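First comes the structure, then the notes that go with it.
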Amino acid sequence: MQFSLQATSEGSRCRAGELVTPHGVVQTPVFMPVGTAATVKGVLHRDLKEDTKAQIILANTYHLYLRPGVEILEQAGGVHKFCSWEGPILTDSGGFQVFSLAGCRKLTEEGCRFQSHIDGSRHLFTPESVVDTQRSIGADIMMAFDECPPGDSPRDYAAKSLDLTHRWLERCFNRLANTQPKYGYRQSLFPIVQGCTYEDLRVKSAEFVQQFDADGYAIGGLAVGEPAPVMYAMIEVVDKVLPEDKPRYLMGVGTPVNILEAIDRGVDMFDCVMPTRNGRNGMLFTWQGTINIRNEKWRDDLSPIDPEGTSMVDHTYTKAYLRHLTVSGEMLAAQIATMHNLAFYTDLVRQARAHILAGDFKTWKEQAVIKLSQRL
RNA sequence: GGGAGAGUUCCAGAGUGGCCAAAUGGGGCAGACUGUAAAUCUGUUAGCGUAGCUUUCGGUGGUUCGAAUCCAUCCUCUCCCA
């Protein structure tokens, strides 16, 4: 996998780049819609690609392993063919599920024993098995199996957890080296920097991780409850250590403002459920701020959903209509809101990229952040 | 014409002397959501600026220390039999 930097900007660590994957070129900064179960909920791939301009999407190892299962994915010839998405796919390792499904799992040196949230059946994930599963899935970018500790973890737990994540990382790379891709193209493995909100642990993790000469590096365990300034500080610390010539991926982040701030600090790749999940729950992101489309004030607003929007839905439907659909519980509401939000998120990073290339990112960002923080 | 029953806060519908500003559901209003166990979850929904006070359970009048609950009467509605 090749990554090339095309531009950086004065007074900022921001970068514009290009990532060449087996399934196509990704221009960075990039936002990657989350498609946990090999589907970005409610959106046809045609619309995902042509309307919302998604360049690469996520899928999830934990969820695909449980359903439909590795066998079906192998029979299909990998997840791309299974779900008919021809572009690049990144799979999360299930590390986040180990965190978010706490209560039905047990961590050991070997890996993580857990019970399926679907039927309660018992399973074991190890760094090796997770790499194997991602081989079977056929992701362009595989993620290392990590532990994502709670945001408020005490230092001793964070340190212990970090060491475990590092030992697991070595095992992930060993497994990667000793196995072959199943579908004829090379797969990349991204390590994940952890360390909670402890600066020295973050530095230690970034230094540990970069010795693996990976195709890209991820920053995990952020936006899990800590204040945004703390998150930004952690990004700054880590980005100083990570290699300049490789993409940096901030996992699970975030709000439009979070994303611009992270781009400013050198992050190239993002994913977040916010545009999709919040969209399904009636929240719209726009350049003028966020909208709760359920609010009564939109009841008779027959203006387009978003005059500045780049999606077909923005100009085809009115706010009053989308509110009606949302309040009525109509499934089309979720589809329209999701398309709008994804189109907005990709537009957000695309404009950021354009301003990086133009050299005025910093001033543009300052103005954008003010507007984006508003509630309409 | 005869008989039976019912009218409760936005709606449906509990409650049948004090623990009732009144269950529950719906609807309304608002909020949350950051590597998706989420088309989910939470709050609120008589008035006044909390404690507390004030006006509500078809209308009117009464019984009682006290009434949505008991009595009288009026109004409205539903069902059954002719």
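From a predicted model like this one, the values you see are computed outputs, not experimental measurements.
Using a 4.0 Å heavy-atom distance criterion, A/Gln194 is classed as a base contact. Counting non-hydrogen atoms under 4.0 angstrom, A/Gly221 reaches a base of the nucleic acid.
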5' to 3', nucleotides 29-34 of chain B under a 4.0 Å protein heavy-atom cut-off (B base, S sugar-phosphate only, - none) gives SSBBBB

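For A/Glu244, the side-chain hydrogen bond (donor to acceptor under 3.5 Å, both in side chains) partners at least two apart in sequence or on another chain are A/Arg13. Judged as a side-chain hydrogen bond (donor to acceptor under 3.5 Å, both in side chains), and not counting sequence neighbours, the contacts of A/Arg155 are A/Asp200. Considering only residues two or more places apart in sequence or on other chains, A/Ser12 meets the side chain to side chain contact (heavy atoms under 4.5 Å, CB included) condition with A/Cys14, A/Asp264, A/Phe361, A/Lys362.
In this structure, the CD1 atom of A/Ile57 is 13 Å from the P atom of B/U36, given to the nearest Å. Atoms CG (A/Asn60) and P (B/A37) sit 7 Å apart, rounded to a whole Å.
Among pairs with a residue in residues 123-141 of chain A, those fulfilling salt bridge (Lys or Arg N to Asp or Glu O under 4.0 Å) read A/Glu128-A/Arg171, A/Asp132-A/Arg175, at least two apart in sequence or across chains. The list of salt bridge (Lys or Arg N to Asp or Glu O under 4.0 Å) pairs with a residue in residues 313-328 of chain A, not counting sequence neighbours, is empty.
Checked by distance alone, A/Asp146 brings a side-chain donor or acceptor within 3.5 Å of a matching partner on the base of B/G35.
The distance from atom CG of A/Asn341 to atom CG of A/Asp347, rounded to the nearest 0.5 Å, is 12.5 Å.
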